[in-house]
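Heads up, the thing below is written out as structure tokens.
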Amino acid sequence: MAEDNELRYDPAQIEPKWQERWAAEPRLYAAEPADCGKPKYYVLEMLPYPSGQLHMGHVRNYSIGDALARHMWMRGYNVLHPMGWDAFGLPAENAALKNHTPPREWTLSNIAGMKRQFERLGMGFDWATEVTTCLPDYYRWNQWFFLRMYEKGLAYRKKSKVNWCPDCATVLANEQVVNGCCWRHETTLVEQRDLVQWFFRITAYAQELLDGLDKLDGWPEKVRTMQRNWIGRSEGTEVDFAVEGSAEKIRVFTTRVDTIFGATSVQLAPQHALVAEFTAADARLKAQVDELLEQQKKAREAGDLGAIEKHGVPTGRFAFNPYNGQRVPIWVANYILADYGTGAIMSVPGHDERDFEFAMKYGLPIIQVIQPIQNVESVERLPFCSEDGVLMNSGEYDGLSCAEAQKRLQEAAALGGFGEATVTFRLKDWGVSRQRYWGTPIPMIHCERDGLVPVPDDQLPVLLPEQIEITQQGGSPLGRVPEFVNVTCPKCGGPALRETDTMDTFVDSSWYFYRYTDAKNAKAPFDPQVVKYWFPIDQYIGGVEHAILHLIYSRFWTKVMRDLGLVEIDEPVRRQFSQGMVIKDRAKMSKSKGNVVSPDDMVARYGADSARMYSLFAAPPDRDLDWQEDGVAGVSRFLGRVWRLVTKYAPVARSARGQQADAPTGISLKLLRKLHQTTAKITQDFEGRWHFNTCVAAIMELVNELQAADAQLAAGEVAAPVMHELLRTLVLLLAPFAPYLAAELWQTLGEEGAVLRAPWPGSNAELAREDELEIPVQINGKLVTVVRVAMDATQQAMEAAALGDEKVLSRTSGKSVAKVIVVPGKLVNLVVK
RNA sequence: GCGGAAGUGGUGAAAUGGCAAACACACUAGCCUUAGGAGCUAGCGCCCAAAAGGCUUGCGGGUUCAAGUCCCGCCUUCCGCACCA
């Protein structure tokens, strides 16, 4: 059957051919200048780390974004759809250790390979704006921004306890510590070390970052909630307790100042400055505190600081409650965090779970100062932690509600000069120093005479030396390159040393999407006018794993740039979408589980269109997707049906190009109706609902209906102009999801130009309308039968049709119909008694 | 503990208060054939021999003419945060 062979969909024939043509025509996916007259649309997917291989999560991410970009192109928008590489980072150094390949070489060759994968998948990226973060023309601007932030006091250095991963031999940000372990080495415990580090003052924007979330209504609630929790705003009061026999004061932070008359001790974090003073003259106390520190360290390293067993030691010293002069003991406790609030608390066992537990353990007094408002019996046991009560045992404040008392006590503290209302954030400044090689060098110089000296702008970029031996020794690898380290001080000309730390790679990804708009600019990170045109990003798409780190840093960076006068916007991203994970056999794909599916393999077996379309079809985009190869095969068979259908009837359709169809009737009307319904559904979904799985299903339904009418089509019962509209529109609808097949069939239909530039089909509501409807008839809410009525049937007509139905008659005989509910176009429900 | 999302056939899922299970996968039976990982036809939630009929969206209540969908209370799973004072 030679004919059957001809009618065979073969993506291996179709796809490489179009890939070649597209590569030869780079303007196809390029954005146009601002004066092109079209509305702009910036669709962005998170850029990949060039590990060497795209994985299925990437395929899904970019299939979603590419479908959207293609749709917007067809809708006539000026679309910016760029791609780049988050190319700095540790894996390149690990690879260097393993195979002695220089990180730069390893990275660039991975990029080349992954770019080939992208092209083979048919992704419509504008490669002219490609950004590679490890190249000097990009990272020099990291350095430039760093200097601007240094000038503004937003970049600073301080000694601090840092998270140290012994495997990475570097510092980690708080955000990179997962359950006490390194985010890269899931079983390696993170240690605490003291180092002088560079920080970005993200806390200066804490309130604005929090407030901004309320306005980001195009963002998933989940992401906004995660960021709110991460910022962790907490309102409270700081109060000074004077230390007996000393000029020192202990400032405590509390959210429940209304309970302060119940404070029976003050608790200090072991790292608190005053503790060192107390222990200096007391070796026994020092040993005890050291033990608390050790417990805390162990708990932190085990990842369950929350589960630490509470221990404390009395210092033998006392402090005074400023409100009532009450003398309370000062303790040091292992569960008090040095880096939250003031590192000191007042302990109120009567009204706090933890304080209660601690007081019971060490026999500290418990005083009730809040009288529950209701249900005295059910809450008579302490601790009573709700704010639903009134004060007692609190002097002049007795009888006040908790909320009112908090206000009054804050006022009293301010007036008395021993405290104030404060806001505390959980968010910490962003530690950006890394003792690694493969990152952006921090552009600072240490001069013995002038101290810290910024590298002058005209000496940027500070180039990363290329010839370097990567070893696993501690300390920064750059420190072992004398040509790099030894410089002359820009201020005094004397000998000086370069900073050898490099920047966290999250710096690179905090502003890369601005660079896309003006990627070749050698004078500035970008032209503010160009950015003004393209920003904010209309749609950002990426994995939920970046809900906190990347998406908070990016927002911070935009606000900093705004304050530097570089941009006018407050937020970089208008709409954010977090796609679900790709899993297999109910587990995340990973090498250790052996359940990894390779995109190359899928493309080789089924073609890029099938792999892409399956990734959209198998689940709604925001849900996890269980990869089932049989499903890919199914999509591939479907595309085969489309291919055969269009190929078979293309000659008829071509013959009618440009011809006007007569008013359709019969099967023509039926098929056109389905066509316009499908178009309406898909168009609507692109506008926000994004259930691309049902879009694909709708196209399948359309094709099924065409196929069911095959005998009539073959008999010529459908006029050529109708065939033309049916097939042409089908190809247009397919174009965002299966770009290769669409391009091929577009040509088969004799159409000229790129399908990508063809206008998205409109839906004719008149044609989409059914003229008859099947109306379910219920009795007391239960389905009894279905009656056919005209589309525009009146309520009376619908009621009559329902009441006249045989089944209805037999069930209502002898009973009375109390009420008839008629929902026009929907259903009839009879209330029968 | 706090916050978020979810729970529907053998499987992935659909249904924006109005016919639960669309569209697929898998499976079963049949056809076709240059045996292809192809194509075509039919069946496929559960109970019942079948039909008629009944039942069915984690559990229990409620609102409504009508609830997978809204409300209240539980259970389970996943995710984020967590002695944050």
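These numbers come from a predicted model, not from an experiment. The sequence lines fix the lettering, A, B, ..., with proteins before strands; numbering per chain opens at 1.
Pair assignment for B:rG17: none, as no Watson-Crick or G-U wobble contacts are both less than 3.5 Å. Within the shown strands, B:rG12 is the pairing partner of B:rC23 under the Watson-Crick or G-U definition, both distances less than 3.5 Å. Under the Watson-Crick or G-U wobble criterion, with both distances below 3.5 Å, B:rU64 has no partner in any strand shown. Of all nucleotides present, none satisfies the Watson-Crick or G-U wobble test against B:rU57 with each distance under 3.5 Å. With a cut-off of 3.5 Å on both pairing distances, the Watson-Crick or G-U wobble partner of B:rC40 is B:rG30.
Spacing of P atoms, B:rG60 relative to B:rU8, comes out at 16 Å, to the nearest Å. For the C1' atoms, the distance from B:rG30 to B:rA51 is 25 Å, rounded to whole Å. Rounded to whole Å, the separation between the C1' atoms of B:rA15 and B:rU76 comes to 24 Å. Taking atom P on both nucleotides, B:rA38 is separated from B:rC27 by 11 Å, rounded to a whole Å. Comparing the P positions of B:rA22 and B:rG12 gives a spacing of 15 Å, expressed to the nearest Å. Separation of the C1' atoms belonging to B:rG18 and B:rG68 is 13 Å when rounded to the nearest angstrom. Straight-line distance between the P atoms of B:rU41 and B:rA24: roughly 12 Å, to the nearest whole Å.
Of the candidates B:rA22, B:rC65, B:rC19, the closest approach to any side-chain atom of A:V831 belongs to B:rC65. Of the candidates B:rA85, B:rC40, B:rC23, the closest approach to any side-chain atom of A:R641 belongs to B:rC40. The side chain of A:I821 sits closest to B:rC65 out of B:rC65, B:rA22, B:rC81. Set against B:rC83, B:rC23, B:rC81, the side chain of A:M700 has B:rC23 as its closest nucleotide. In the set B:rG39, B:rA13, B:rA15, B:rA15 carries the atom at the smallest distance from any side-chain atom of A:R689. Candidate nucleotides B:rG80, B:rA13, B:rC40 were compared by shortest atom distance to the side chain of A:P620, and B:rA13 ranks first. Of the candidates B:rG3, B:rA38, B:rA85, the closest approach to any side-chain atom of A:R637 belongs to B:rA38.
The nearest heavy atom of RNA chain B to A:D355 and to A:D626 marks one nucleotide each, and the one closer to the 5' end goes with A:D626. Remark on RNA chain B: of its neighbouring residues A:E774 and A:A619, the 5'-side contact belongs to A:A619, judged by nearest-heavy-atom nucleotide.
Taking the syn range as angles within 90° of 0, the glycosidic angle of B:rG9 is syn.
Under the 3.5 Å distance criterion, with hydrogens and angles disregarded, no donor-acceptor pair is assigned to the side chains of A:N334 and A:Q296. Between A:E309 and A:Q295, the side chains place no donor N or O within less than 3.5 Å of an acceptor N or O (distance only, hydrogens not considered).
Nucleic acid contact for A:G232: none, since no nucleic acid atom lies under 4.0 Å from a heavy atom of the residue. Residue-level contact check: A:N780 touches neither bases nor backbone, having no heavy atom under 4.0 Å from any strand. A:D622 comes within 4.0 angstrom of no nucleic acid atom, judged by non-hydrogen atoms across all strands. If you check every strand for non-hydrogen atoms under 4.0 Å, A:A618 touches sugar and phosphate atoms only. Contacts of A:R605 with the nucleic acid, taken as non-hydrogen atoms under 4.0 Å apart, include base atoms.
When all heavy atoms of A:L639 and A:S610 are compared, the pair lying nearest together is CD1-OG, 3.6 Å.
In terms of polar N and O atoms assigned as donor or acceptor, the side chain of A:N829 comes within less than 3.5 Å of the base of B:rC65 in a complementary pairing.
The cationic atom of A:K310 (NZ for Lys, CZ for Arg) lies less than 6.0 Å from the six-membered ring centre of A:Y335 and within 45° of the ring axis.
Within the structure, every side-chain polar atom (N or O) of A:R224 is placed at least 4.0 Å from both OP1 and OP2 of B:rG80.
Using a 4.5 Å heavy-atom threshold, the side chains of A:E701 and A:T678 count as separate.
The aromatic rings of A:F384 and A:H351 sit perpendicular to each other, their planes meeting at more than 60°, with 30° as the lower class boundary.
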Q. Would A:R689 and A:E687 satisfy salt bridge (charged side-chain N to carboxylate O under 4.0 Å, His left out), going step by step from the backbone distance to the final call?
A. CA-CA 6 Å; A:R689 216 178 69 126; A:E687 273 158 18; over 6 Å; no
